[in-house]
There are 2 protein chains.
Amino acid sequence: MQNECVTSDLNEQSILNLDEQMCFALYSASHAMTKIYKPLLAPFGLTYPQYLVLLVLWQKDQMTVNALGERVFLDSGTLTPLLKRLEKLALITRKREAIDGREVIIALTSLGQSLRGDVVHIPASVSCNTGCTLPEIKLLNQQLIALRAHLNSNLNAVKAAR
Amino acid sequence: MQNECVTSDLNEQSILNLDEQMCFALYSASHAMTKIYKPLLAPFGLTYPQYLVLLVLWQKDQMTVNALGERVFLDSGTLTPLLKRLEKLALITRKREAIDGREVIIALTSLGQSLRGDVVHIPASVSCNTGCTLPEIKLLNQQLIALRAHLNSNLNAVKAAR
DNA sequence: CGCAATTATATTGTGCACAATTTATTTGTG
DNA sequence: CACAAATAAATTGTGCACAATATAATTGCG
């Protein structure tokens with residue numbers, strides 16, 4: 001699981017240079033992206049993480065909190081209050097599962113379903129702001145998904161070792 | 001400033017597919033990266049954003065809050081409490097500028113300076129977890145910096161229009 | 001000089017993120 | 001059936017992020 005780590009021959013000064021840290025480019029680009037979404041989602045009273053949850057539900061309605069969390073990589077500590085806000089907006093319902101009383105099923109309301117049509121134009125609008133062509137975006141998407149997969153698998157390996 | 005937005009001929013179902021949203025890959029990869037850093041920084045009592053601020057100060061000591069914020073793309077609302085925590089850790093000092101009493105100068109303590117040597121190995125350790133080669137990391141870094149630049153310039157354009 | 005506009009930082013309030021813990025329920029094993 | 005282990009959500013506490021506002025100091029212009 002552990003890759004061979006080739007220690008680079010970069011000079012000492014350069015190693016901690018902020019602009020050479022891919023982690024920082026990732027971090028700052030992600031925040032910039034969220035800021036681009038903010039004014040586009042604000043008319044609907046939505047935040048970016050709330051929008052992500054809705055994307056999942058529009059693909060597959062009626063999911064448990066856990067299943068939702070696995071899709072968006074968030075846990076109940078983040079999702080529970082977020083889902084309560086979506087419930088307050090009347091976009092979703094939260095219902096205890098009848099058979100397994102531990103589960104809570106998240107389902108779209110008709111308002112939540114209809115919202116899909118109102119936001120469907122947003123991704124195209126955002127992609128305009130990226131300065132990337134569609135193929136470039138697709139490539140970057142694949143690179144980031146692969147990166148995420150490696151990071152998460154190493155995270156899980158660390159946790160399993162404990 | 002506005003790019004021409006070629007509307008893709010993707011089918012309606014696919015447009016809002018979570019796994020095709022580069023924004024989400026960015027968002028989730030960034031959080032995964034922060035989680036990789038967490039156990040590496042925890043021994044020093046540092047969070048990832050605090051580490052970023054230290055990276056800036058190790059490059060150039062004695063900066064105002066604003067100047068720091070421009071480097072890490074964070075504002076005083078985020079930085080003021082973060083810097084107070086670094087001060088409490090005795091890693092930095094916060095001093096009002098004598099000539100311009102509005103500015104606060106952030107400076108490393110000797111402890112803060114010496115910490116650099118303790119964390120200098122971390123980037124190499126992280127890069128092992130990315131599953132990427134060094135050239136791949138460098139390329140991704142450049143792509144993300146370019147993306148961030150486009151997003152931020154469009155954000156500023158929106159703000160200027162108000 | 002006087003004072004309005006600007007600038008720098010701090011504060012407030014909302015909403016994530018996440019580790020750690022708690023509560024409630026179900027499942028597996030004797 | 002009993003009950004320990006496992007599972008699913010919710011809760012708690014800390015630390016970002018950021019918009020909006022407040023506070024304080026400086027600058028520029030008449």
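Predicted model only: the values in this text are computed from it and were never measured. Here is the naming used below: chain letters follow the sequence lines, and residue numbers restart at 1 for every chain. The basis for the numbers below is simple: all heavy atoms, side chains too, and nothing from hydrogens, waters or symmetry mates.
Counting any heavy atom pair closer than 4.0 Å across all strands shown, A:Leu79 reaches no nucleic acid atom. Using a 4.0 Å heavy-atom cutoff across all strands shown, B:Thr64 reaches sugar-phosphate atoms only and no base atom.
For the atom pair A:Ser127 OG and B:Gln21 CD, the distance stands at 10.0 Å (nearest 0.5 Å). We find the OH-OG distance between A:Tyr27 and B:Ser30 to be 8.0 Å, quoted to the nearest 0.5 Å. Annotation: the span from B:Thr130 atom OG1 to A:Asn154 atom CG amounts to 9.0 Å, rounded to 0.5 Å. B:His121 contributes atom NE2, which lies 10.5 Å from atom CG of A:Leu16 (distance to the nearest 0.5 angstrom). A:Ile92 CD1 to A:Leu83 CG: the interatomic distance, rounded to the nearest 0.5 Å, is 4.5 Å.
Taking for each of A:Pro81 and B:Val65 the nucleotide of DNA chain C with the nearest heavy atom, the 5'-most of the two is the partner of B:Val65. Checking B:Tyr48 against A:Lys38, the closest nucleotide of DNA chain D that is more toward the 5' end is the one next to B:Tyr48.
Judged by distance alone, with hydrogens and angles left aside, the side-chain atoms of B:Glu136 form a donor-acceptor pair with the main-chain N or O of B:Thr133 at under 3.5 Å. Listed for the A:Arg94 side chain is no donor-acceptor partner under 3.5 Å among the backbone atoms of A:Ile106. At distances below 3.5 Å, not a single donor-acceptor pair connects side-chain atoms of B:Thr78 with backbone N or O atoms of B:Leu74.
Using the six-membered ring where Trp is involved, B:Tyr48 and B:Tyr51 have ring planes that are tilted, between 30° and 60° apart.
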What does the list of N/O pairs under 3.5 Å between the protein and nucleotides 23-27 of chain C look like, with a distance for each?
from   : atom 1 : to       : atom 2 : distance (Å)
C:dT25 : O3'    : A:Gly101 : N      : 3.4
C:dT26 : OP1    : A:Ile99  : O      : 3.1
C:dT26 : OP1    : A:Gly101 : N      : 3.0
C:dT26 : O4'    : A:Arg102 : NE     : 3.4

Enumerate the protein-to-nucleotides 12-15 of chain C contacts in which both atoms are nitrogen or oxygen and the separation is below 3.5 Å.
none

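In this entry the distance linking CZ of A:Arg94 with C1' of D:dA9 reads 9 Å, nearest Å. Distance CE (A:Met63) to P (D:dA9): 11 Å, rounded to an integer number of Å. The CG atom of B:Leu83 sits 16 Å away from the P atom of C:dA8 (whole-angstrom rounding). We find that CG of B:Leu74 is positioned 17 Å from P of C:dA8, with the value rounded to whole Å. Here the C1' atom of nucleotide C:dT9 and the CD atom of B:Glu87 are 14 Å apart, to the nearest Å. For the pair B:Glu70 CD and C:dT9 P, the computed distance is 10 Å after rounding to whole Å. Straight-line distance from the CG atom of A:Leu151 to the C1' atom of C:dC18: 17 Å, rounded to whole Å. Atoms NZ (B:Lys35) and C1' (D:dC16) sit 15 Å apart, rounded to a whole Å.
By the salt bridge (Lys or Arg N to Asp or Glu O under 4.0 Å) test, B:Asp61 pairs with no residue at all, sequence neighbours left out.
When the nucleotides C:dA17, C:dA8, D:dT11 are ranked by their closest atom to the side chain of A:Ser76, D:dT11 comes out on top. Here C:dC18 is the nucleotide among D:dC18, C:dA10, C:dC18 with the atom lying nearest to any side-chain atom of A:Thr78.
For the pair B:Lys84 and C:dT11, the criterion of a side-chain N or O lying under 4.0 Å from OP1 or OP2 is met. A close approach under 4.0 Å does not occur between any side-chain nitrogen or oxygen of A:Asn66 and OP1 or OP2 of D:dT7. The side chain of B:Tyr27 places no N or O atom within less than 4.0 Å of a non-bridging phosphate oxygen (OP1 or OP2) of C:dC16.
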